[in-house]
*Asks:* 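The structure that follows is given in the form of structure tokens.
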There are 2 protein chains.
Amino acid sequence: MIELQHIVKSYEVGGQPIYALRDTSESIQTGEYVAIVGPSGSGKSTLLNIIGCLLRPSEGSYLFNDEDVSQLDDQALSQLRQHQIGFIFQSFHLVPRLTALGNVALPMVFAGIPASERQRRAQEALGSVGLADRVHHRPNQLSVGQRQRVVIARAIIMQPSLLLADEPTGNLDTHSGQQIMELLESLNAKGLTMIVVTHDSHVARRANRVLVLGDGNIVKRIQGKDM
Amino acid sequence: MIELQHIVKSYEVGGQPIYALRDTSESIQTGEYVAIVGPSGSGKSTLLNIIGCLLRPSEGSYLFNDEDVSQLDDQALSQLRQHQIGFIFQSFHLVPRLTALGNVALPMVFAGIPASERQRRAQEALGSVGLADRVHHRPNQLSVGQRQRVVIARAIIMQPSLLLADEPTGNLDTHSGQQIMELLESLNAKGLTMIVVTHDSHVARRANRVLVLGDGNIVKRIQGKDM
Ligand SMILES: Nc1ncnc2c1ncn2[C@@H]1O[C@H](COP(=O)(O)OP(=O)(O)OP(=O)(O)O)[C@@H](O)[C@H]1O
Ligand SMILES: Nc1ncnc2c1ncn2[C@@H]1O[C@H](COP(=O)(O)OP(=O)(O)OP(=O)(O)O)[C@@H](O)[C@H]1O
Ligand SMILES: [Mg+2]
Ligand SMILES: [Mg+2]
């Protein structure tokens with residue numbers, strides 16, 4: 001499903017080059033459950049954003065289902081993201097003036113789904129992440145962990161084929177975090193390809209395999225049976 | 001240092017009362033190191049924000065160093081926070097157009113400290129959280145864990161007498177998280193009173209004692225020796 005070849009991502013700050021990712025290559029098969037771990041600043045979010053077509057690499061090629069992503073214009077990329085990819089952002093990106101319900105329903109608005117169906121599905125998704133009694137709260141009327149769960153519900157509402165989760169349990173207590181991972185793993189069991197960036201070793205060890213990043217490189221690959 | 005009596009914090013959403021904190025009472029002595037744990041949405045950030053004089057309770061009294069906080073106007077509260085309290089926010093609150101250096105220096109600007117001293121101390125503080133090579137980056141040029149570390153450096157730069165940390169290691173890998181907690185504990189050893197909200201049991205068990213929140217109440221108090 002995902003074929004990365006010699007991906008580089010660099011920036012320039014104060015005239016100096018900064019390498020977020022250096023020559024990264026990896027294949028991820030449909031239906032896999034891959035965890036990405038590594039120190040703060042090692043390039044995990046950068047890698048996930050490139051896979052999610054939210055960031056263009058500086059060098060290298062990315063084939064998504066055998067299609068060369070660099071050949072797609074912004075409109076085509078946006079369509080691809082909308083229909084195929086669910087993204088749980090590390091910094092949320094919720095709409096401040098919409099309620100939890102409105103935020104979760106937003107992808108369905110873009111897909112032209114009628115209002116009554118949107119309401120029903122958003123309500124159900126929020127229930128599945130333990131927020132049934134917070135559906136009418138706006139983001140600033142929610143705890144940070146509750147906002148994170150709204151982001152999770154929004155990411156899975158369109159039943160994407162690829163789920164990219166950047167620290168999905170980072171602001172959750174152990175119990176809530178486990179409930180979330182069980183929910184996501186049940187979706188993976190039904191065929192959802194899942195890539196999870198995490199600092200939590202309990203989350204990482206539930207994946208099929210783990211990519212360990214260090215200073216912009218994949219420094220280690222661990223197979224499920226070796227964890 | 002901190003005396004909370006029958007603190008209640010409630011909101012109204014859609015005509016319904018929401019209790020973030022219900023009848024909470026606790027004393028915290030100068031120099032203590034207290035952890036606050038509990039499920040997502042249980043009231044931890046609300047409690048910390050009231051202690052930090054960022055949020056006024058709906059009911060109850062709060063004495064900070066024997067002074068009734070409810071009798072202080074906004075100007076006096078702002079002075080108190082500026083000079084005595086360092087706050088590591090769960091959602092950062094960095095200034096987007098300032099660099100890491102500028103963000104860390106901001107409390108010193110308010111205190112009238114001269115530019116050369118601000119530069120030197122901000123540089124040193126960022127070095128102590130592992131960001132020596134990121135000082136000129138703005139928040140959107142930093143990873144989320146790097147932003148969190150800028151927030152930590154900013155919170156300790158004015159050598160406050162009380163440090164309030166809301167999930168200080170939430171976006172950090174285990175190693176970076178340990179380095180941060182060792183830094184904060186070294187300050188506690190020198191007399192800094194510290195209250196840390198955390199979902200990480202490894203962080204919680206390093207405190208003198210732990211308050212366990214549940215649905216807006218302190219449901220359990222654990223002494224250091226019993227952890
Ligand atoms: N402005 C508000 N209006 C209405 N309800 C609110 C508001 N702020 C917080 N709440 C509610 O108060 C409760 C406590 O929120 P708080 O942020 O203190 O939780 P928390 O323990 O810090 O959670 P987390 O671990 O997710 O950060 C939550 O259920 C939240 O929905
Ligand atoms: N726009 C940018 N300009 C310059 N440098 C950047 C930019 N975005 C990211 N970086 C740098 O690239 C590196 C990788 O960032 P990335 O966000 O991928 O890290 P991460 O592994 O997700 O970290 P964390 O665990 O803290 O979230 C970091 O050192 C960061 O400072
Ligand atoms: Mg990241
Ligand atoms: Mg909180």
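Order of the sequence lines sets the chain letters (A, B, ...), proteins ahead of strands, with each chain counted from 1. The figures here come from the full heavy-atom set of this structure, side chains too, leaving out hydrogens, waters and symmetry mates.
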*Asks:* Using heavy-atom distances under 4.5 Å, tell me whether A/Gln141 contacts chain B through its side chain, its backbone, both, or neither.
*Replies:* side chain
*Asks:* I need the residue from B/Gly130, B/Ser91, B/Gly41, B/Gly177 with the largest number of non-hydrogen atom pairs under 4.5 Å to chain A.
*Replies:* B/Gly41
*Asks:* Could you check if a side-chain atom of B/Asn171 sits within less than 4.5 angstrom of a side-chain atom of A/Gln90, using non-hydrogen atoms only?
*Replies:*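 They are in side-chain contact.
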*Asks:* Heavy-atom distances under 4.5 Å only: say whether B/Ser176 touches chain A with side chain, backbone, both or neither.
*Replies:* side chain
*Asks:* Tell me, side chain or backbone of A/Ser143 under 4.5 Å from chain B's heavy atoms, or both, or neither?
*Replies:*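 Side chain only.
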*Asks:* Got more than 12 heavy atoms from elsewhere within 6.0 Å of OH, B/Tyr19?
*Replies:*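 Atom OH in B/Tyr19 is not packed in, count stays at 12 or less.
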*Asks:* So how far is it from A/His199 NE2 to B/Thr174 OG1, rounded to the nearest 0.5 Å?
*Replies:*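 The NE2 atom of A/His199 sits 8.5 Å away from the OG1 atom of B/Thr174.
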*Asks:* How far does CG of B/Asp200 sit from CG of A/Asp173, to the nearest 0.5 angstrom?
*Replies:*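 It comes to 12.0 Å.
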*Asks:* Between A/His137 and B/Ile18, is any pair of side-chain heavy atoms under 4.5 Å apart?
*Replies:* yes
*Asks:* Any side-chain heavy-atom pair from B/Val13 and A/Arg138 closer than 4.5 angstrom?
*Replies:*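 No. Closest side-chain heavy atoms not under 4.5 Å.
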*Asks:* Is any side-chain heavy atom of B/Ser40 closer than 4.5 Å to a side-chain heavy atom of A/Arg149?
*Replies:*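 SC-SC contact between B/Ser40 and A/Arg149 confirmed.
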*Asks:* Looking at B/Pro39, B/Gly38, B/Gly14, which one has more heavy-atom pairs under 4.5 Å with chain A than the rest?
*Replies:* B/Pro39
